[in-house]
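Report on one structure; see the data block that follows.
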Number of protein chains: 4
Amino acid sequence: MTAPSAVKAALTTQSIETPSWAYGNSGTRFKVFAQQGVPRSPQEKLDDAAQVHRHTGVAPVVALHIPWDRVDDYAALADYAKERGLRLGAINSNVFQDDDYKLGSVCSPDPAVRRKALGHLLECVDIMDATGSRDLKLWFADGTNYPGQDDIRSRQDRLAEALTAVYERLGEDQRMLLEYKFFEPAFYTTDVPDWGTAYAHCLKLGPKAQVVVDTGHHAPGTNIEFIVALLLREGKLGGFDFNSRFYADDDLMVGAADPFQLFRIMYEVVRGEGLSSEVAFMLDQCHNIEPKIPAIIRSVMNVQEATAKALLVDRDALAAAQAACDVLGANAVLMDAFNTDVRPLLADVREEAGLDPDPIAAYHRSGWAQRIIDDRKGGQQAGWGA
Amino acid sequence: MTAPSAVKAALTTQSIETPSWAYGNSGTRFKVFAQQGVPRSPQEKLDDAAQVHRHTGVAPVVALHIPWDRVDDYAALADYAKERGLRLGAINSNVFQDDDYKLGSVCSPDPAVRRKALGHLLECVDIMDATGSRDLKLWFADGTNYPGQDDIRSRQDRLAEALTAVYERLGEDQRMLLEYKFFEPAFYTTDVPDWGTAYAHCLKLGPKAQVVVDTGHHAPGTNIEFIVALLLREGKLGGFDFNSRFYADDDLMVGAADPFQLFRIMYEVVRGEGLSSEVAFMLDQCHNIEPKIPAIIRSVMNVQEATAKALLVDRDALAAAQAACDVLGANAVLMDAFNTDVRPLLADVREEAGLDPDPIAAYHRSGWAQRIIDDRKGGQQAGWGA
Amino acid sequence: MTAPSAVKAALTTQSIETPSWAYGNSGTRFKVFAQQGVPRSPQEKLDDAAQVHRHTGVAPVVALHIPWDRVDDYAALADYAKERGLRLGAINSNVFQDDDYKLGSVCSPDPAVRRKALGHLLECVDIMDATGSRDLKLWFADGTNYPGQDDIRSRQDRLAEALTAVYERLGEDQRMLLEYKFFEPAFYTTDVPDWGTAYAHCLKLGPKAQVVVDTGHHAPGTNIEFIVALLLREGKLGGFDFNSRFYADDDLMVGAADPFQLFRIMYEVVRGEGLSSEVAFMLDQCHNIEPKIPAIIRSVMNVQEATAKALLVDRDALAAAQAACDVLGANAVLMDAFNTDVRPLLADVREEAGLDPDPIAAYHRSGWAQRIIDDRKGGQQAGWGA
Amino acid sequence: MTAPSAVKAALTTQSIETPSWAYGNSGTRFKVFAQQGVPRSPQEKLDDAAQVHRHTGVAPVVALHIPWDRVDDYAALADYAKERGLRLGAINSNVFQDDDYKLGSVCSPDPAVRRKALGHLLECVDIMDATGSRDLKLWFADGTNYPGQDDIRSRQDRLAEALTAVYERLGEDQRMLLEYKFFEPAFYTTDVPDWGTAYAHCLKLGPKAQVVVDTGHHAPGTNIEFIVALLLREGKLGGFDFNSRFYADDDLMVGAADPFQLFRIMYEVVRGEGLSSEVAFMLDQCHNIEPKIPAIIRSVMNVQEATAKALLVDRDALAAAQAACDVLGANAVLMDAFNTDVRPLLADVREEAGLDPDPIAAYHRSGWAQRIIDDRKGGQQAGWGA
C-alpha cells in the first residue's frame, strides 16, 4: 500500500465545505423537529461551523443559502467568518420557496416568474462578488407532476436561456455549478434529472460551468463513481454535495449508509486527480433527528476516512493485476485498502496538526452544546423556511 | 366481454372514500404552496367533499384525520356530514407530528412516548364510537435513520404490544386497518415496511385487523396486484389508500402515473370478490400544485374507469385461454378490456343516476370554485400542520 | 383532437424494423425453451418477417445480427429480402459471445482482444456496404463485475479509440447508433450505462454517430420520454430498440408492461418531429414463452396504437392549457388521446391499404404457423448461440 | 467491544455450506464462459469443495442440485464426501429446466406438468433420505411474463397443494426451506416473490417449513436485515443463500458489493440468536468471470469477517445508547465494530486451528489450480445445463 506519510500529506490538503443550512432545523414533509440551541442567524451558523473546523481542522469553508442567509452586509459576514478561521464558500440559490414558483422557476411557463427567478440568480452573483465566493451552486426544483402539464422541450429552452444569462454575468474567477436530481419535489419530470442533462448544458455554456454530483440524487442502483470518473475525464466535475441515502434523497450523514460506496467514489477522485481545489467537497445533509454539530463532525470524519482509504490503495499493484486480467487479484488490492482501519492514521494526522485525535469526544468536552442551548433562547431558529 | 348492463350494475355499488386532508394544503419538504379557497375547518372540508359526491355520485364517505379534524362534538360533525349526503369514514390516527415522536411513537425507545401514542390511538377509537366509523386506519411513521439507532426486534415487540391494546379496545363492528410503507419519513428502517409485516401482525391480532394497501408505498417494481390477490385470498385485505407515483410516495392522483396498473389492481379486486363493502376504497393523495376539488373528482373518475374496464374483462374467455396455455390469447383478452374506451359507458351510468355525464365540466359550471375563493377569507387554511 | 385523416396519413409513413433474432429461440440464463417451427437460417427468418409485414403493412425492414446471420453472400441475402417485399436494416454487431470477450471487447484490458473486437466492427461495416444498410448498431456488453477489476477511465479511453476507428470507416450515408444499457451482463460497471455516456461519445465523434434508446435499458423509475425529448432537441436520437419491462431488461413485447409510457414516448417523438426516417423504430425483444411471429405482430400493432394516440393529441389545446398554467386541463388533453380506443381507426388504415383489419386473426388463418412446424424439421434452430 | 476470545469461540462454531453448482460453469443469458479445470462430475465438485474447507476450516457442508448432481448411488456419494472431511447439505430441487416447465412447474396451468414437478420434489426427499441431508431447498422459477397470462390466485392454490404434499412426505428431522425471489426468470409475476408470501405458506405448513433468504432476491432498496430480524423473531428463518448484487440477482461473491450490508445482516443474526445450527449459512453464487475455487474461498472469508465484526459489537454499550435515545452514540457503537480490521483476529483463529492464516495464498501455493487444469481433460464440464 501507499506509504502512510504520503497519505498523510495528501490528507492535509483536503478541505471540506459545510453548508450553513445543515446547522439549522430540517425535516421531512411530515414534520420538522426543532432542536435546542439551533442558530438564529447566519452569524450563529458560522459560530457552529467554526466548532466543526476547530475539532476537525479540515472544514474551513461554509456555503451559504440565499435567502436563508440573507444579510445586509455580505462583506461584513465574510469578515465575521474570517475572524473565526473560516471563509465563505458556494452561494446556493433558492428559486423554489416562493409561491410564484409553484410550476417552476426559470423553466416556468409564466415569463414573469422566469424573470423573477433569473433576477434572484443574478443577485446571487452579486453576493458572490461581496463574499468573494468562487462558486454559484444552482439547484432547480423545476419539473412537472403530471404528463402533459408542460412541454418538456420548451422547458429545456427556457432553462438554457436562463443559464446563459447567468453564465455571462459570472466574473473571471467565478464558476457555476449545476446540480442534477433524479426527482423531488417534482414527481413526473425534473428539468435537470441526471448528469447527462447537466453535462449537456454545461458543455454548451463553457469552462466556467461545471457539474456538481449530489450523492443522493440518483436512480436506484446508479453507479456514482462511474459518473465521477467520466466527469473528471471530461474536465466537468465541479464538486460534490455529499450525503447518504438508502432509498431516495434521504440526506443522511455521508458514509452512514454505504461506506464502501463513498470509498469507491473517493478512489475515483484520487485516480482522476480530483483531490484538488478544482473540485469542491461540500456536504449537503439534513440532520432531522440527530444533533447537528456532532453529526457534521462525524460526516467530515467519514469523508476523511474514505479519502484516507482511497489514498492507501496500492495503485501499482492494482494496475498490474488489472493488466494481467486478474479479476480476484485486482479486487483484492482495492479491498485491502478498504478493510484497513484508518482511524489510527487519522488520529496521527490530527495530533500532528495540534488537534485532539478524537474530534467527537473533544466537541462533547468543549461545552459548546450546552452553551448554545443556554444562550440561544428566544428568536427564530434557522430552518428551511418552507 | 361482459354485458354492459352487468358492468353498470356493479359500478353503481362502488363507493369511494375521500380523505378530508386532501381538501387542505399540502406540499413537499421544500414548500407548501397555499391555494385560494382552501377549507379552514372540518366542516368546510365536508362542504367540498359534498361537491365531489354531488358530481360523481360515488363518493359519499369522508375519512377524518385526528388531530387535523379535531372538533368538540363528533356526533355533530357526523350530523353535518349526513345533512350533506355524506357519512364519516375511517378515522386516521396521527402519531408523527408531535416533538415527542422524533424517534417514533408506539415503537419509541422511550416508554412515556409509547404511552402517549397509545393514548392517542385509543382516543381515536373513542372518536369512532362517536362518529359511527367502522375503520381505524393506522399508519406509523416509526422507524430509524441510522443503523444501530435502535433495536429492530425490540421495536417489533413494542409495536405488537400497542396493536394488541388497540385491538382489544375495538367494538364489535369496528376494524383496525394497518398500513405499511416502504420508507419515509424514516430512512433506514421502517417498522411496518411491507405487506408481510402488516400481515404477520394482523394475523396474530385476529379477524378485525386487516391490511391496507397504499398504492404508493412499495419498493420500485413491486407487483401490487399480486399483493392484492394474496391478501384477498387470505381474507386480509381491509382496503386501499389510492394514489399514484412515478418514483416514491409521490401521492399524485390515482391513475395518473400508470392507468394500466390501476386496471390490473382493480381486476384482481373484481376477480377476488373484493368489490364489496369489506374492502374500503379510499383515496390518499396530495394535490400540491393542482386545484384540489377537481383533482379529487378526476381521481374518483379514474378509479371508476379502471373498475369499469376490470368488470368488462371476459372472464370465461380469459379462463379458457389460461387453461389452454395460450399466453398471447390470454393477454389479449385482458388488453381488450383495457383498450376499451369506457367513458361513454360511465357517462351513461351517470345520466341514469341523474348526474351530469361530465363531472369535471359540471363542477366548473357550478361556480363552487369561485364561491369558496370569495367566501373563505381570513382564518387558518387547513394543512398538514407540520 | 387532431383530424383522423391527418392521423391516418401520418401513420402510413411509419416503418417499423423487426430484428431477425426475435424469430429465433431465446431465453433466460436458466433455460431456453425451444419452439416448433423456428427458423434455421437467415433466409427463414426473412420468410417469417415477411409474414409480419404482410399482415401489418408497416414492417418492411429487418435488422441483422452478426455472426448470427452470417452468410456467404450478403448481396444475395438483400435480394432474397427484396423479393419478399423487405429490405435489410441495421447491422447489429456482436462482440460478447466469444470466449475472448470474458472481460470485455473494445474495452478489454487485453490489446489483442480489443483488436479482434474492432476487426469485427469493421467487418460489420463491410457487410453494410453489401446489404445497403444505413445503420450500424453498437451494443457493448463491456463492463466489470467487481470494484477494482479494471480501471473505469482507461476503459473509456479504449472505447473512444475503437469508436473513432469505426466512425472513420463509415461511408457517406452510413450511421453508427450507440446503445447504452444500465446493467447486464456486467454487474458492477457497464462501459456505456446511460444516455449521457452515449451522448458524450457521439458528440465528439460527429453527426453520423447517434444514440439509440432501448426502452428496457434504464434504471428503475427513469423517465424515458424525457431522454427522447432531450436527444431530439440535440439532434442525437438515432432510433429505438423497443421492448417492455417490469423489472430489468425483460425484453417483453413493447407496450405490454406500460402502454401509457409507450404513448408518452411516442408523443415526444411526434412533438420533436422524430416521426421521420432519421429515427429508426426498431424492435428488440425476446419471445421466450410465446409464439414468435404473432408476438411480433402484436408488438408492431402496439407501436402503431401508441403512435396513433400520440398523433391524436390536440396540440393546440395542449399548448393553450400549458401556457395558462392549467395543470389539470393540460393533463386532461393528453389523457383524452390516450383514453381513446384507436383500434377502429387502425382497422380503417389497414383496410384502406388493402390489409385485413385484424392482423393477428389474419395470421392465424393464413396457416403459416402450421406450415413452418411441418416444414422446418431437422437442422439447427436459430438462437442466441450462447 | 466484546472480548476477542469470545468472538473467536463463536467463530469456530460457524459452518458455511458451499453449493456444488458454484464449482461448475455459469454465465448470463448472453454467454457462459468456460473455465479450465472445471469439474465434470459431482465427485469432482466435492474434490474442489474439499479444497475450500481445507484452507478455511469452516466449509464442511456441500449442497447438491438435482438433476445436476444426479448419481446412481447417493449413499456412496455421501461416503465420498465423508472421506474428504465433508458432508452433504441441502438438496436443491430443479423444476425449471425441462421444456415442460415453460409456463411453470407446480403452478403450471397444466395438471400433467404439476404432477411431474411434484414427482421431482418427492424424489428429492428420497435423495435426502439417502444422503442424510436435513434440508430440501425449494426455489420455483414459476411465474408469468404477461398480465392475464394466468390467474394469480389459482397459481397460489396450486402452489399450496404441492407444498402440502411435499411437507407431508418430510421425515421427522427433515425441513423444507422455501426461497422467494423478486423476479427472474418470470418478468410479470413471480409466484413466491417476497418473504411475506414464503412466510404465509410456511406458517400454514408447520414448523418444518422455513423461509430462506437469498440476499440477491429483493426489490431495490429493500432492508434485508429487517427481514432477517423479523423471521428470527417469528422462528421462521431457515437459512441464507448468500451472494451479492448491485442491480438484480447478480450472484456476485457475498460481501463484494456492500460489505456493510453483510455486516448488518450478520449483526441481526447474532442479535436474534441465529448463529446456530437452525440457520443454514449457504452460498449461492455464479463465478462467471473469476476462477471458482478462490472466489468461493474469498466468499467464505467475507462471511467470516462480517460475522466477526458482528460479534465484536459492544451490545451493552449499544443497548445503553439506544435506551438513552442517543442516535449518534448508538450508531457509533455499531460503526466502531464495522470499522475494525478483523483480518488479524481471523488469522489468529485459523492459526489456532492449525490452518494457514491466509487461505487464498495457501490455495495458490497448493498447486490445486494447475492440477485440475492438467487432470480434467475431456468429458463434459459441469454447468447449469440450460
Side-chain angles (χ1 to χ4, degrees), chain B residues 102-103 108-110 144-154 156-157 182-183 188-190 193-200 203 218-223 225-227 229-230 232-234 260 263-264 267-268 271-272 313 318-319 321-325 327-328 330-335 338, chain D residues 102-103 108-110 144-154 156-157 182-183 188-190 193-200 203 218-223 225-230 232-234 260 264 267-268 271-272 313 318-319 321-325 327-328 330-335 338:
Chain B
K102 191 166 71 168
L103 301 188
S108 169
D110 183 338
T144 65
N145 276 4
Y146 292 102
Q149 177 188 325
D150 201 1
D151 187 69
I152 293 173
R153 185 159 167 173
S154 301
Q156 288 295 312
D157 294 338
F182 186 49
F183 82 99
Y188 167 53
T189 60
T190 294
D194 54 20
W195 79 266
T197 306
Y199 169 79
L203 199 65
H218 302 86
T222 300
N223 185 323
E225 60 269 27
F226 182 91
I227 296 172
L230 251 69
L232 281 167
R233 184 174 180 271
E234 302 291 333
F260 183 44
F263 160 74
R264 299 193 311 263
Y267 173 72
E268 291 304 328
R271 186 261 179 259
V313 173
L318 184 62
Q322 290 172 341
C325 296
V327 174
L328 291 172
N331 176 246
V333 172
L334 200 79
M335 295 313 294
F338 178 69
Chain D
K102 191 166 72 166
L103 300 188
S108 169
D110 183 339
T144 64
N145 275 5
Y146 292 103
Q149 177 188 325
D150 200 3
D151 188 69
I152 294 173
R153 186 159 165 172
S154 302
Q156 287 295 310
D157 295 338
F182 187 50
F183 82 99
Y188 166 54
T189 60
T190 293
D194 54 19
W195 78 266
T197 306
Y199 169 79
L203 199 65
H218 301 86
T222 301
N223 184 324
E225 59 268 29
F226 182 91
I227 295 172
V228 169
L230 251 70
L232 281 167
R233 185 176 180 268
E234 303 291 334
F260 184 43
R264 300 193 310 264
Y267 174 72
E268 291 304 328
R271 187 263 178 256
V313 172
L318 183 62
Q322 289 172 342
C325 296
V327 174
L328 290 172
N331 175 246
V333 171
L334 200 77
M335 297 311 295
F338 178 68

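Just so it is clear: chains get the letters A, B, ... in the order the sequence lines come, proteins before strands, and each one is counted from 1. Note that these values count all heavy atoms, side chains included, but never hydrogens, waters or copies made by symmetry.
The main-chain N or O of Tyr188(B) is found under 3.5 Å from a side-chain atom of Asn223(D) such that the two form a donor-acceptor pair. Proximity of a side-chain donor or acceptor of Gln149(D) to a complementary backbone N or O of Asn331(B) within less than 3.5 Å is not detected.
Highest contact tally toward chain B, considering only Ala229(D), Gly196(D), Ala219(D), is held by Gly196(D) [criterion: heavy-atom pairs under 4.5 Å]. Options Ala321(D), Pro193(D), Pro109(D), Gly272(D) differ in how many heavy-atom pairs under 4.5 Å they form with chain B, and the most are formed by Pro193(D). Among the candidates Phe226(D), Tyr146(D), Phe183(D), the residue making the largest number of heavy-atom pairs closer than 4.5 Å to chain B is Phe226(D). Contacts with chain B were tallied for Asp151(D), Val313(D), Leu318(D); Asp151(D) has the most, counting heavy-atom pairs under 4.5 Å. Chain B forms the most heavy-atom pairs under 4.5 Å with one residue out of Ala319(D), Gly221(D), Ala330(D), and that residue is Ala330(D).
For the atom pair Ile152(B) CD1 and Glu225(D) CD, the distance stands at 5.5 Å (nearest 0.5 Å). Note that the CG atom of Leu232(B) and the CZ atom of Arg153(D) stand 6.5 Å from one another [nearest 0.5 Å]. Note: Thr222(B) OG1 to Asp194(D) CG = 8.0 Å, rounded to the nearest 0.5 Å. Rounded to the nearest 0.5 angstrom, Cys325(D) SG and Lys102(B) NZ are separated by 8.5 Å.
Residue contact with chain B, scored on non-hydrogen atoms closer than 4.5 Å, involves the backbone of Thr190(D) exclusively. With a 4.5 angstrom heavy-atom cutoff, Ser108(B) does not touch chain D via any of its atoms. In this structure, the portions of Ala200(B) lying under 4.5 Å from any heavy atom of chain D include both its backbone and its side chain.
For Asp157(D), the salt bridge (charged side-chain N to carboxylate O under 4.0 Å, His left out) partners at least two apart in sequence or on another chain are Arg233(B). Every residue two or more places apart in sequence or in another chain that forms a salt bridge (charged side-chain N to carboxylate O under 4.0 Å, His left out) with Asp150(B) is listed here: Arg155(B), Arg158(B).
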Full working for side-chain contact (heavy atoms from CB on, under 4.5 Å) between Thr197(D) and Trp195(B)
CA-CA 9 Å; Thr197(D) 306; Trp195(B) 79 266; 3.5 Å; yes
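Contact of the Pro147(B) side chain with the Phe260(D) side chain is registered, since non-hydrogen atoms from C-beta on lie closer than 4.5 Å.
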